[in-house]
Structure formats: structure tokens, C-alpha cells
Protein chains: 2
Amino acid sequence: MVNETQQSCSGSSSSRSDGGSSSGSESSKDNSRCSTPVLDADRHERLREKMRRRQEAGDRWFSLEFFPPRTANAAVNLISRFDRMGAGGPLFIDVTWHPAGDPGSDKETSSMIIANTAVNYCGLETILHMTCCNQTKDDITGHLQKAKRLGLKNIMALRGDPAGEEWEEEVDGFNHAVDLVKHIRSEFDDYFDICVAGYPKGHPEAESYETDLRHLKEKVFAGADFIITQLFFRPETFLKFIKDCQAIGITCPIIPGIFPIQGYHSLRQLVKLSKLEVPQEIKDVIEPIKDNDAAIRNYGVELAVSMCRELLDSGMVHGLHFYTLNREVATTEVLKRLGLWKEDPRRPLPWAVSAHPKRRVEDVRPIFWASRPKSYIYRTQEWDDFPNGRWGNSSSPAFGELKDYYLFYLKSKSPREELLKMWGEELTGEESVFEVFTCYITGEPNRNGYRVTCMPWNDDPLATETNLLKDQLEKVNRRGILTINSQPNINGKPSTDPIVGWGPSGGYVFQKAYLEFFTSSEIVTALLKVLKKYELRVNYHIVNVKGQNITNAPDLQPNAVTWGIFPGREIIQPTVVDPVSFLYWKDEAFALWIEQWAKLYEEESPSRMIIQYIHDNYYLVNLVDNDFPLENCLWQVVEDTFELLN
Amino acid sequence: MVNETQQSCSGSSSSRSDGGSSSGSESSKDNSRCSTPVLDADRHERLREKMRRRQEAGDRWFSLEFFPPRTANAAVNLISRFDRMGAGGPLFIDVTWHPAGDPGSDKETSSMIIANTAVNYCGLETILHMTCCNQTKDDITGHLQKAKRLGLKNIMALRGDPAGEEWEEEVDGFNHAVDLVKHIRSEFDDYFDICVAGYPKGHPEAESYETDLRHLKEKVFAGADFIITQLFFRPETFLKFIKDCQAIGITCPIIPGIFPIQGYHSLRQLVKLSKLEVPQEIKDVIEPIKDNDAAIRNYGVELAVSMCRELLDSGMVHGLHFYTLNREVATTEVLKRLGLWKEDPRRPLPWAVSAHPKRRVEDVRPIFWASRPKSYIYRTQEWDDFPNGRWGNSSSPAFGELKDYYLFYLKSKSPREELLKMWGEELTGEESVFEVFTCYITGEPNRNGYRVTCMPWNDDPLATETNLLKDQLEKVNRRGILTINSQPNINGKPSTDPIVGWGPSGGYVFQKAYLEFFTSSEIVTALLKVLKKYELRVNYHIVNVKGQNITNAPDLQPNAVTWGIFPGREIIQPTVVDPVSFLYWKDEAFALWIEQWAKLYEEESPSRMIIQYIHDNYYLVNLVDNDFPLENCLWQVVEDTFELLN
């Protein structure tokens with residue numbers, strides 16, 4: 001139960017002892033406290049604290065290195081990869097700095113923007129690399145200020161490769177990484193966690209291994225918090241290096257850089273760049289199979305696993321840093337074999353938490369964006385304050401407009417041709433649309449034999465939790481209740497439940513049943529008659545694209561639909577149905593019909609007109625069954641509605 | 001479901017209709033909203049709005065008039081009466097203004113302080129009377145400012161009785177109630193709700209009934225919100241009056257003043273003061289029985305009931321105002337017979353809500369003061385802001401010191417002699433103290449034959465809810481676990497449950513089991529060993545008078561121990577176990593041993609030394625069982641502790 005989060009909560013202190021007495025605690029009366037319940041220490045600690053806590057607890061961890069993509073499409077893919085590899089539970093990822101790629105710019109392929117996306121939209125603790133040679137102080141300061149503004153908290157300080165052959169050290173310039181470390185500490189005090197590079201074989205340009213060690217010590221003493229090493233091929237290389245570091249007084253964490261060999265060419269290229277020598281025993285294996293990619297990768301995985309095991313077994317290594325080369329398979333395989341990949345990471349909240357420091361206290365969101373968390377983050381990025389505690393405390397829940405449906409981290413992962421195959425090259429009527437929704441729910445192929453794996457409102461296949469409702473959802477979608485969001489009711493399942501659990505262990509989670517769908521005005525008219533029988537039990541909001549709004553919600557109060565009760569904590573209610581933000585969501589939900597679906601077709605084409613008709617005439621409906629301990633009545637509501645229509 | 005609370009929430013509007021379409025609602029996006037969930041409209045409405053809402057809903061109501069007491073002891077009694085009669089659910093009470101009794105002063109018997117106590121400490125909507133003749137503008141303004149500062153929102157504007165015979169109207173002075181109404185509106189705008197007096201028979205000093213009606217109309221048009229009438233003896237008197245009022249354009253509520261005859265002398269005195277004539281048919285009944293108080297009271301009740309029925313049946317009367325003469329029996333009897341007395345008033349929250357406007361948003365309190373709500377209000381009276389939402393949002397939970405144990409609204413209702421009979425004229429050891437605690441729990445007489453109906457930490461007999469735990473409590477108190485607060489665990493009972501329910505209907509309430517007690521350091525040592533087995537499941541705080549503090553609570557976070565889930569609302573968590581405020585409570589809880597108990601005995605007497613020993617050496621312990629869906633484990637914890645000691 002000893003919990004270090006108090007350290008991130010300035011001024012707080014809890015006096016505790018297991019013995020019969022402890023220090024007087026009168027003083028704690030005057031202490032301030034965190035303004036929001038701390039659900040998980042991770043969210044409130046800086047990277048170096050997380051590292052220290054894991055080391056003290058004996059927990060092993062890993063991290064992943066990526067480079068920025070070259071094209072916008074590659075950026076979309078990289079972000080999906082962040083999401084997928086993020087699910088395995090890395091302690092952090094890092095994004096390299098490509099001086100040639102305008103790394104500090106606002107381009108979607110810049111190091112800065114990729115790192116920003118990882119932190120804000122993928123919720124990953126992120127280190128941004130930064131090199132300093134050939135740059136002015138103002139440039140560097142500008143980059144750092146921008147990084148800080150975007151919520152980045154960690155910098156890997158590097159010298160970088162000098163441009164041109166005749167590079168000479170500049171007086172007062174940035175000649176070495178240590179200059180950058182000093183600059184960061186002098187200009188930004190303790191704001192950033194700083195990482196520096198270590199070279200287990202010595203830097204290729206260093207006079208000697210010993211000189212290089214001394215340089216490393218200088219970097220650490222200038223303010224670096226931890227070290228990540230260059231790749232190496234033999235575990236003993238690293239183990240000698242770490243002992244040598246310790247011998248000269250370097251005490252910060254030193255993280256080995258692991259490079260799973262993934263192919264002949266990538267290995268050769270890397271070796272050339274890093275001026276490392278591949279040991280003969282590895283060359284001997286690789287040369288004969290150099291044209292067999294799969295064989296090389298298998299060997300690389302094998303080699304990496306065995307080296308990692310040796311490092312971890314030494315007791316000197318707690319975390320492993322992977323050079324992924326932006327690829328997934330080999331690294332994931334190594335991590336799974338090492339048992340470091342989290343198959344079922346515990347969720348601190350039922351939605352993905354952003355890693356931006358400003359959003360660390362965020363613990364409640366409207367349910368509407370459940371499948372579009374990146375859009376929610378985008379539309380609330382200008383908020384100064386996040387509803388910390390009750391949604392109602394939000395001073396001004398004004399959402400940003402969503403005009404940029406094609407921002408690389410918001411747009412569909414699938415290209416137009418695939419979407420047409422899934423959603424229909426040609427629609428013949430509203431029923432063809434019902435079919436698309438139904439196929440998405442059932443997972444069965446559509447009439448042309450394609451599976452519908454995404455929808456305009458959800459770029460991913462159906463969530464495991466929604467699967468619990470599959471049969472009922474199928475039935476209603478077939479008949480024109482076009483569902484885009486739903487959750488079952490839950491009456492106190494353990495917080496460790498693999499499907500619906502979240503938050504610290506020892507708690508209980510609850511949900512009210514929720515159903516959100518588009519439907520015709522004919523069905524809405526019948527539905528409203530049926531809903532009169534369910535007053536008080538069922539809350540509803542029904543709105544069309546013009547904003548005509550029908551609701552029985554008391555005032556403008558949000559309805560908590562997900563909450564959790566935990567040992568020693570206040571109630572957490574992370575998801576609400578909020579009448580005000582529903583009207584902002586409505587704009588987005590209706591626009592997606594046009595932006596993502598109608599625009600796949602020619603203007604004036606019948607298919608486009610069908611979608612346009614639905615957009616113009618359907619209603620967006622949400623229903624909450626407040627009686628969470630009883631059986632979900634929403635299916636009965638829909639059933640009654642269909643009966644009334646017959 | 002139409003709910004008018006939106007009106008008290010400036011700028012908010014919800015668009016709702018039962019039809020298929022309604023007004024466009026784009027605009028509501030920009031609206032602000034209430035900063036806290038509105039649990040019950042009553043808490044957020046002003047008196048005139050409550051009156052209107054009840055009238056529209058067809059709900060009948062009553063109100064109660066009291067006069068300030070003459071002595072401090074009488075003040076203690078009056079406050080208990082407020083609590084008891086407040087339980088019946090009056091819409092408001094009013095406190096008369098006694099010019100001779102220094103009514104605006106800080107004396108505990110002043111009109112101002114009694115009204116302040118009713119609002120703040122008894123949670124009653126209160127009207128303060130105020131008379132204006134023979135007073136300067138500055139005096140009046142000073143009184144009104146003070147009333148506002150104390151949280152009073154309603155004034156009954158009266159002329160008052162001129163002092164002396166030769167009173168003459170002053171130019172520019174306060175000659176009539178209408179002058180006071182105008183003054184309040186001009187100096188305080190719409191802050192106060194203003195009530196004025198109506199005279200069904202005409203004011204005794206008025207030229208005529210008609211002139212008096214015109215004066216009444218002037219008062220209303222000057223800004224009065226409603227009228228309470230002088231008492232009368234026949235229903236037709238009032239019904240004629242109300243019709244006459246309406247005929248000349250008075251449209252505000254007119255509330256009949258009901259005077260249940262309670263005795264011969266009080267009737268005579270009142271008649272003399274009010275210059276009313278008692279009808280012959282009443283005199284005929286009363287004169288023969290004038291020495292039989294009980295008979296007169298029975299007759300008075302009968303008469304009042306029949307008159308009230310006639311008034312209510314007329315359809316012109318929605319509320320009844322009772323002149324109680326500070327007595328309980330007759331008025332309560334009339335109200336019960338009319339079915340207006342709320343036998344089981346729904347609680348908006350599990351604790352009594354203060355009626356001070358500043359505290360209307362208050363919806364969370366530490367559990368420690370559950371039996372001492374007035375002390376809690378007293379110690380937090382200087383807070384600018386109440387934790388609205390989570391306890392953690394409280395910016396500075398600094399409690400005022402409690403030095404004034406003898407403030408009339410904080411002190412025990414029982415005199416010293418009675419306390420000695422209950423708690424023992426002479427204590428022979430710690431065991432005699434255990435006995436007192438045990439007798440309080442069981443309700444059985446102590447060894448001298450007296451029932452223990454209060455304790456220093458609880459001035460009332462055991463709560464109904466605590467009764468659920470009686471057997472276990474008895475067992476542990478006998479053995480020196482001296483319980484002062486406890487609640488059973490509740491896993492989702494309907495919010496309408498007569499014992500543990502609170503909040504709007506259709507909801508579910510929950511509790512974690514809680515136990516708070518004093519006990520010896522020997523027991524604490526064993527308890528701590530036992531608690532190791534219950535880590536995570538049981539949170540504890542253990543503190544002695546010196547502030548030595550042992551806890552396993554994570555950081556300084558509060559633990560929610562009572563919460564409710566309601567249709568269409570956020571989660572409400574009205575009770576928490578808060579580590580910071582526990583240390584403030586500790587001071588009070590230990591001090592009560594000395595202030596309320598030890599000081600009953602002579603200095604240096606063995607009895608006093610026993611209490612002093614307990615005060616100096618015992619620990620105050622609180623335990624929470626976090627696993628509310630399972631059977632309460634706290635009894636097992638205590639059982640294990642005793643076993644370990646054997």
C-alpha cells in the first residue's frame with residue numbers, strides 16, 4: 001500500500017506506519033491535497049519517477065523507438081501502430097529527430113507532430129529526440145518551447161550527425177549533447193526529463209572507450225535523468241559497459257537498446273550508419289540465409305530473446321529499449337516470448353487516457369465519443385481545464401469545430417476502395433444501408449462477400465463489450481434502428497473483470513444500459529409513444545440534423561452511465577450522457593454520413609442521394625435505462641416500438 | 001418530469017416537448033449550467049417559488065410561527081422543538097420580532113439569532129419578522145444587512161406596535177408596514193422574499209375594512225410576495241377576505257393564520273393583544289371548562305381541524321400557517337389529523353441539509369459529524385465555498401476551532417443532574433464506562449435504573465439505521481470497543497427505503513460498512529496485527545489525542561462511504577471518510593470526554609480521573625469495509641482482535 005503518488009502532489013504527505021505509533025500528524029491538517037482522485041500513480045508521475053518506482057517494485061518494462069514517417073499515408077499507418085503496440089504496455093515510446101525532415105515543423109510527418117500525436121491522441125508517454133549540432137540557440141529553444149506547449153515532457157538530447165565533412169566545433173555553439181543538456185536545464189529548469197545516449201562500445205568518434213565514458217558522465221552530471229544505449233550484439237558488451245559506468249559514478253538508470261535483426265538489408269544499413277561491427281558468429285548465420293526474410297527474422301527474434309533473457313537475469317537490467325524500425329512483428333514476438341507484452345493491460349479508466357500533462361486529471365467524458373476518442377481529444381484540445389470530478393463543474397464545455405475530417409490521426413485507416421467494398425459500390429435504398437450496419441454487427445460478409453470491419457462512426461471492429469449485445473443489435477439494425485454506440489448494464493462486477501473492468505483492483509464497476517442510433521422519423525414517432533410508458537426509468541435525447549431536440553432529461557444535468565467504487569477512494573464516474581455535449585456530438589455524427597460515406601459516391605448519384613436523404617431526415621437517438629440492477633429494458637422499448645408500427 | 005429548477009439556474013434552458021418536434025436547440029450549447037447536481041428543487045428555490053410550485057402541483061403545505069425565548073435554557077428547548085417539528089415538513093417557520101428583547105442583537109434569545117439558528121443549524125426555511133415604527137432607517141438597514149449576512153432570505157414586514165401612547169406619524173419615517181416594504185425593495189432589490197400581514201376582519205386601527213384592504217394592496221404593490229393573515233375564528237371570515245382581496249386585484253398567495261386554542265389564558269391574552277372578539281359559540285364552550293386545560297386543548301384541536309378542512313376544501317387555500325405559541329402538542333395533532341404532517345419525510349441527502357443559501361450546493365460531508373451536524377455547521381461556517389461535487393475539490397478544508405461547547409445550539413439538551421444519572425454519579429473504573437456505552441446501545445436501564453438516552457458524541461437516542469447493528473454493537477461495547485458512530489453496508493437499496501433511503505425516487509443507495517470507536521492501546525496493538533490480514537479490504541485510521549496517527553489510506557484521499565445513483569443524474573456521494581478532517585474531528589471527539597463527561601465530576605475525583613485516563617490513553621479508530629457487496633467483515637475484524645488478545 002505504500003504509494004508514491006504523494007510525491008507528485010506537492011505539499012501533501014500522509015503519515016503512516018505499520019507499528020503502534022508514528023510521527024505526529026498535526027501538520028497534515030494544513031496540507032493541500034490533490035484536486036482530483038488519483039486513480040493510478042502512472043498518470044501523475046513523470047517518466048523518471050515511473051522508472052524508479054518500477055525498479056523498486058522489481059517490475060520489468062520495455063520501451064519502443066520509432067522514426068517519423070515520410071508520407072501522410074505512412075503517418076496514418078504509424079498512428080495505428082502506436083495504438084496497437086501501445087496496447088502491449090510500453091513504459092514509453094520515443095520518436096527520432098530527422099534534421100532533414102523539418103523535424104520541428106507542423107507537417108504531419110515531422111518528429112514534433114508525430115510525438116505530439118503519440119502523447120495526445122494515443123496516450124503514450126513519449127520521448128522526443130532532439131539534436132543540436134548546426135543549430136542556433138534560438139532554434140533549439142523554439143523547438144523546446146513548442147514541445148512543452150504540445151505537452152511533451154521528455155527529451156532525448158543528442159548531438160546529431162554534423163552536416164558536411166568540414167564541420168568544426170563552434171565556440172559557444174552546440175558541439176556536444178552535453179551542451180544541449182545544459183541548455184535545457186538552464187532554460188527549462190526541471191520541466192523536462194532528459195535522456196542521453198550511451199555507447200557500450202564507445203562512440204565511434206571518441207578518442208577511446210574511457211574518454212567516451214567520461215563524456216557520458218558529463219552528460220549525466222549536467223542533468224540527464226537516464227541513459228539509453230546504442231544497439232549492441234552481445235549481452236556481455238552491455239554488462240561490462242554498465243559496470244564501467246557505475247565504477248566512475250554514474251548511478252542513473254541505463255537502458256539497453258535492443259535491435260532485433262529483421263532483415264539482411266536493414267541490418268547492413270544500420271551497421272553502416274552506426275559504425276558498429278557485426279560479430280562473426282552472427283554473420284556466419286545470416287550470410288547463408290540472406291535472401292530468406294522469414295528465416296532471418298526468426299533468427300533475429302531468437303537472438304534478441306536470448307540476449308534479453310541474459311540481460312534481465314543479470315539483475316542489472318529492469319527495462320529494455322527496442323529499436324523497432326517502425327515494424328511490429330519481430331519486436332512484438334520478442335516481447336511476447338519474454339512475457340513483457342501485456343496481453344490484458346488493466347485500464348485505469350474505461351476510455352483511453354491522453355498522456356498530455358494538462359489532461360492528467362481528466363476523469364470524465366461524454367459517452368458519445370467512445371469510439372472516436374481522438375476526435376474528442378481534438379475537439380477539446382483548447383480547454384484550459386478538464387472537468388475534474390463532476391462533469392457539471394466544467395466551466396464552459398464549448399467544443400472546437402470538427403472541420404478537418406482528414407487530419408491524419410482522425411481519418412479512416414481504410415482507403416476509399418476498401419470502404420466502397422464494405423459499404424457498397426452502389427446503394428439501392430435505405431435497406432442497403434440497414435444491411436451495412438447489420439453486417440458490421442454480425443461480422444458476416446456483405447452481399448459482395450466483404451466483411452464490414454469499420455463504420456463512419458467507428459474505425460475499428462465491434463468492441464468485446466458490445467459483442468455481449470450482438471444478437472439484439474443485429475435484430476434492431478435489420479429493421480432500421482441503426483446503432484452506433486451501446487453498452488450493457490452492469491451491476492457491480494469486479495474492477496478486474498477482463499471485459500468491463502477498469503480502475504484499481506479491489507473495486508466494483510457499474511453501468512447503465514445505453515443505446516444510440518439513427519432512425520427514421522416514422523420510428524421516432526412510435527418510439528416517443530412507447531417511451532411515455534418508461535418515464536423516469538428511461539432517459540432519452542432525440543435530435544435531428546437541424547437541431548430539433550426532444551428529451552425528458554431533468555434540466556441540463558448529465559446522467560452518469562459508468563461508475564466505479566474503489567477501496568479508499570471517492571466514486572469515479574468516467575462516462576456521462578450529457579445533454580449539452582450531445583448537441584456537439586450530433587453535428588459530428590451527422591456530418592460523418594456525408595464526409596465519410598456520401599462523398600465516396602459521385603455527386604447526384606443515387607447512392608449519394610440515399611445517404612444524403614438519411615442525413616437530412618433521420619434522427620439521432622440516445623436511450624439510458626436508469627434501472628441498472630434490473631434487466632436492460634431498452635430492447636423491450638425497441639420491441640414495443642416495432643409492435644406499435646405493425 | 002417538468003422541473004422548474006432550471007429557473008434558478010441562470011442562463012440554462014432545456015428544450016423539451018412531448019411531440020415529435022420542438023424549438024431548435026442550437027442555442028442551448030452556449031448556455032451555462034448549474035455547477036452542482038440539483039438533487040431537489042426545494043434547495044435551490046426561493047420561498048415564493050416553492051409556494052408557487054406547490055400550488056401548481058396541488059400539494060398542500062403548512063408553516064409554523066414561533067416567538068423568541070426569554071432565557072438561554074428556553075433557547076435550547078426551542079431549538080430541539082425546531083428539530084422535532086421540522087421533521088414534520090413545514091414549508092417554512094417564522095420568528096417574531098420582539099422590540100423589547102433587543103431583537104437584532106447577538107444575544108442567544110434575540111429574534112435574529114433564533115432565526116439564524118433555524119436556518120443554519122436546523123435547516124429550516126425561515127421568515128424573520130421585522131417591525132419598523134420608532135426606528136431609524138439606519139437601524140432598519142443594519143438589521144436587514146445582518147439578516148442577509150446570516151443567510152436569511154425572507155422578511156415579514158410589519159409596522160409593529162408604537163411605543164407609548166402619544167405616537168405620531170413621522171415625516172419620512174417608517175409609519176406603516178408599506179414603508180418597510182418599499183425600503184427593503186429599494187435597498188436590497190429582489191434579495192428578500194417579503195411577506196406582509198393581512199387582517200381578515202380589518203386592522204383594529206384601520207378606519208374601515210375597505211381602507212385596510214386598500215392598505216394591503218399598497219403593501220403588495222410595493223413589493224410584497226405573499227400575505228399571512230391574522231388569526232380568525234370562523235372559516236367564512238377568511239374566505240370572504242380572500243375574495244375581497246382578489247376583487248381589488250391582489251393576486252399573490254394569501255395564507256390563513258390558524259390559532260389552535262390551547263388554553264384559556266393564552267386565548268384571553270392573545271385576544272387582548274390582537275383586539276379580536278371571540279365568537280359567542282366558542283365562548284359558550286370554553287367558559288364552562290376553563291380550568292380543564294386538556295379539555296380546552298382537545299376542543300381547540302377539534303375546532304382547528306374542522307376549520308382547516310373547510311378552508312382546504314374551498315379550493316382557495318393551499319397552505320396553512322400555525323400560530324404555535326412555541327408549543328408542540330396541539331399544532332402537531334391538528335397537522336396529523338389533517339394528514340399534512342409528514343410521518344416519513346423523504347431526505348434529499350442522508351444528512352440534514354442547512355438552509356443557508358451559501359450551503360445550498362453542499363452535497364458532501366465527512367461521516368464523523370453524523371451525530372453532531374450542528375457542530376459541523378458551526379465549524380465550517382466560515383467556509384466560502386462548499387465542496388461541491390467531490391470532497392477533494394475543497395480548496396482549504398480548514399475547520400474552525402470548537403471552543404464554545406456551551407453555545408446554546410451545541411450543548412446537551414439534558415441538565416447535569418440527568419447526565420449524572422445516565423453516565424454514573426460515580427465511576428469505579430474503565431468497566432463502568434463500558435457499561436454506559438452498552439446501556440446506550442441496548443436501551444436497557446443502567447445499574448441505577450436509568451436509561452442512557454444520550455452520549456457526549458450523540459445527544460439523541462440511537463438512530464433507526466444503527467439499530468440494525470444493535471446486537472453486534474452491544475457485544476463489542478461490553479468488551480471495551482466504545483462505539484460512537486457506525487453504519488451498515490448497503491448494496492443498492494431503493495432510494496425510497498424508509499430506513500436508509502434518501503434522494504429522488506427511482507434511484508438506488510449504497511453504503512460501505514463503517515465503525516468508529518474509542519479503545520485502549522492494548523486492543524489497538526492487537527487490532528493492527530489483525531488488520532494486516534484485511535489490507536485493501538479494510539481502510540483504517542487510528543489516532544490518539546496527541547495526534548499519533550496510523551492509517552493505510554492511500555495518500556490523503558477521502559473514501560466515499562455513502563453514495564446514490566439516480567435517474568438522469570450524476571452520482572451523488574454525500575458521505576466520505578476523509579483523512580484530513582478526521583484529525584479535526586479527533587480534537588472534538590477527545591475534547592467531548594472532558595467537556596461533557598469528566599467535568600460533571602469534582603476535580604481530582606476518581607470518576608474524573610477515570611475519564612481523564614481514557615482521554616489521555618485511548619485511541620480513536622475508524623474502519624471502513626470497502627467490499628460493500630459482501631457481508632460486513634468489520635465484526636470479524638473485532639472478533640479476531642479479541643481472539644488474539646485471549
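For a residue to count as touching a neighbouring chain, one of its non-hydrogen atoms must lie under 4.5 Å from one of that chain's; by this rule Phe582(B) does not touch chain A.
Looking at Ile565(B) and Lys512(A), their side chains come closer than 4.5 Å, going by heavy atoms from C-beta outward. Inter-residue side-chain proximity for Glu570(B) and Gln557(A) is flagged as unmet; no heavy-atom pair is nearer than 4.5 Å.
With rounding to the nearest 0.5 angstrom, the CD atom of Gln573(B) is 9.0 Å from the CD atom of Gln573(A).
Minimum interatomic distance between Ile571(B) and Ala560(A) (heavy atoms only, all atoms of both residues): CD1-CB, 3.6 Å.
The aromatic rings of Tyr508(B) and Phe628(A) stand perpendicular to each other, their planes meeting at an angle above 60°, with 30° marking the opposite boundary.
For chain B, the option among Asn491(A), Asp627(A), Val538(A) with the highest count of heavy-atom pairs below 4.5 Å is Asp627(A).
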